[in-house]
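Worksheet for the structure shown next.
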Amino acid sequence: MKAVRAALLAVALGASSGPALSANPATPADATVAATVEQPRSFGHVLGDVLTQRVLLEHAGRPLQPAALPAAARVDLWLERRPPRIETDAQGRRWLAVDYQFINAPRALSAIALPAMTVATTTGPTLALSAWPVSVAPLTPPDTFGQGELQALRPDRPVAALATGAIERQLRLSLAALLAVLLAWLAWWAWRNALEARRLPFAQAWRELRRIDDPASAQAWRVVHRALNTTAGHVVHGASLPRLLAEAPHLRPLQARLEDFYRESTQRFFAGDAAAAPGDPAYPLGALCRALRDAEKRHRR
């Protein structure tokens with residue numbers, strides 16, 4: 001009897017479960033089903049607000065894996081979709097979170113919609129999301145109140161002048177210090193030139209030569225000879241000129257002119273008949289002395 005009762009119970013259960021299974025057939029993988037969505041608040045939004053849609057990645061108790069996430073892009077005049085992400089809640093369920101940000105503001109309160117979209121999955125049907133209407137408000141009213149300071153335009157706010165007294169004092173001190181440095185440099189330069197004019201042999205010779213009325217006179221030639229002797233530290237003549245140039249290499253560029261000078265000096269002072277051959281009266285003694293002075297000055301710098 002127990003065996004018969006068990007057989008009858010099994011037949012009854014099979015008869016009752018058969019219609020239920022046929023009423024809930026398995027969903028095909030290529031089907032599209034409505035997604036379970038947590039929608040953002042529909043009202044009270046302005047420019048810059050971020051709205052988040054959360055899509056449950058499950059169907060009929062089975063987890064779903066998105067084939068590809070929605071691309072981040074500008075949706076329309078009002079919205080921009082940010083890069084989506086997948087989150088897990090406290091119950092371990094996975095959600096696809098998609099953020100939309102308002103990037104424009106209307107002139108009056110307006111109704112727009114988060115766009116409809118579908119999310120293809122690799123482990124089940126495609127999830128479909130319907131458009132979700134939301135409202136967006138302007139940042140300011142189109143008209144002002146026209147009372148007190150609530151006007152369409154306000155006058156420019158006067159800018160307080162900066163205190164420049166300390167800056168002006170510092171500028172004056174800097175200019176005074178610069179002027180002092182320049183004056184000190186000019187004074188040093190003048191003192192150095194005056195000192196060299198009194199001390200350097202060719203500078204002295206040039207100063208003396210300018211005071212002689214006849215630049216071709218014997219006195220003028222002796223002045224240049226004395227400067228050459230002072231520079232060398234001994235008496236210089238045509239035969240000892242190489243020694244002078246070795247000891248004073250800054251005069252080497254003038255070697256040809258110095259050789260010519262000593263030949264002319266020998267002709268003037270040491271020729272057998274100096275009266276018959278007095279020398280060239282147009283000899284450029286002054287130009288030679290000036291060139292020697294310049295070479296001496298460059299050497300001292």
Side-chain angles (χ1 to χ4, degrees), residues 9-145 150 152-153:
L9 181 59
V11 171
L13 290 173
S16 62
S17 60
L21 291 173
S22 61
N24 295 282
T27 303
D30 58 350
T32 300
V33 299
T36 301
V37 185
E38 289 184 357
Q39 299 286 9
R41 187 181 72 242
S42 296
F43 55 89
H45 300 295
V46 293
L47 175 68
D49 285 356
V50 178
L51 289 71
T52 302
Q53 278 185 331
R54 302 177 74 244
V55 183
L56 181 62
L57 297 177
E58 271 186 22
H59 178 67
R62 293 188 302 128
L64 301 176
Q65 179 62 37
L69 299 180
R74 181 165 180 166
V75 175
D76 53 22
L77 177 65
W78 311 104
L79 296 171
E80 181 177 71
R81 182 166 50 229
R82 293 181 171 182
R85 61 191 181 277
I86 295 178
E87 301 175 344
T88 303
D89 62 12
Q91 288 77 34
R93 297 181 301 174
R94 299 170 68 244
W95 297 78
L96 173 64
V98 184
D99 293 334
Y100 294 91
Q101 185 172 26
F102 284 103
I103 58 174
N104 215 334
R107 294 180 179 275
L109 184 64
S110 303
I112 63 173
L114 302 186
M117 67 175 180
T118 57
V119 180
T121 64
T122 59
T123 56
T126 299
L127 301 178
L129 286 76
S130 302
W132 179 253
V134 294
S135 66
V136 57
L139 290 177
T140 59
D143 299 319
T144 59
F145 299 100
L150 301 175
L153 292 176

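The residues of the chain are indexed from 1 along the displayed sequence. Please read these numbers as outputs of a predicted model, since none were measured by experiment. Only heavy atoms go into these numbers, but all of them, side chains included; no hydrogens, no water, no symmetry mates.
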Atom OG in Ser135, atom CZ in Arg41: separation rounded to 0.5 Å? 8.5 Å

What I'd like to find out is whether the side chain of Asp89 reaches to under 4.5 Å of the side chain of Trp95, using heavy atoms alone. yes

Heavy-atom pair with the smallest gap, counting every atom of Ala131 and Pro133: O-CD, 3.8 Å

Between the CZ atom in Phe102 and the CG atom in Leu77, the distance rounded to the nearest 0.5 Å is 11.5 Å

Are any non-hydrogen side-chain atoms of Thr122 and Gln65 less than 4.5 angstrom apart? yes

Taking every non-hydrogen atom, the tightest pair across Ala137 and Val46: O-CG1, 3.8 Å

Audit row: Val37, Leu56, side chain to side chain contact (heavy atoms under 4.5 Å, CB included) steps and yes/no: CA-CA 6 Å; Val37 185; Leu56 181 62; over 6 Å; no

Hey, could you give me each pair passing salt bridge (Lys or Arg N to Asp or Glu O under 4.0 Å) that has a residue in residues 99-108? Not counting sequence neighbours. Arg85-Asp99

With salt bridge (Lys or Arg N to Asp or Glu O under 4.0 Å) as the rule and sequence neighbours excluded, what pairs involving residues 47-61 come up? Glu38-Arg54, Arg54-Glu87

Residue pair Ile112 / Val134, side-chain heavy-atom distance below 4.5 Å: yes

When you compare the side chain of Val75 with that of Glu80, does any pair of heavy atoms fall below 4.5 Å? no

Close side-chain approach of Leu69 and Leu96, heavy atoms under 4.5 Å: yes

Just verifying a value: how many Å separate Met117 CE and Ser130 OG, rounded to the nearest 0.5 Å? 11.0 Å

Taking all heavy atoms of Arg81 and all of Pro70, pick out the closest pair and write down the distance. NE-CB, 4.0 Å

Strictly distance-based, threshold 3.5 Å: is any side-chain N or O of Arg94 a donor or acceptor partner for the main-chain N or O of Leu64? yes

Quick one, Leu127 and Leu57 - any side-chain contact, counting heavy atoms below 4.5 Å? yes

Any idea which heavy atoms bring Ala105 and Trp78 closest together, and the distance? C-CZ3, 3.7 Å

Answer yes or no: is there a side-chain heavy-atom contact under 4.5 Å between Gln101 and Leu79? no

Could you go through Val33 and His59, starting from their C-alpha distance and side-chain angles, then the distance that decides it, and tell me whether this counts as side chain to side chain contact (heavy atoms under 4.5 Å, CB included)? CA-CA 9 Å; Val33 299; His59 178 67; 3.9 Å; yes

side-chain contact (heavy atoms from CB on, under 4.5 Å) involving Pro40 - partner list, sequence neighbours excluded: Leu51, Gln53, Leu114, Trp132

Is Val119 close to Leu129 at the side-chain level, that is, under 4.5 Å between some pair of heavy atoms? yes

Closest approach of Pro106 to Pro138 (non-hydrogen atoms, all atoms of both residues): O-CB, 3.0 Å

For the backbone of Thr121 and the side chain of Thr123, can you confirm whether one donor and one acceptor N or O come within less than 3.5 Å of each other? no

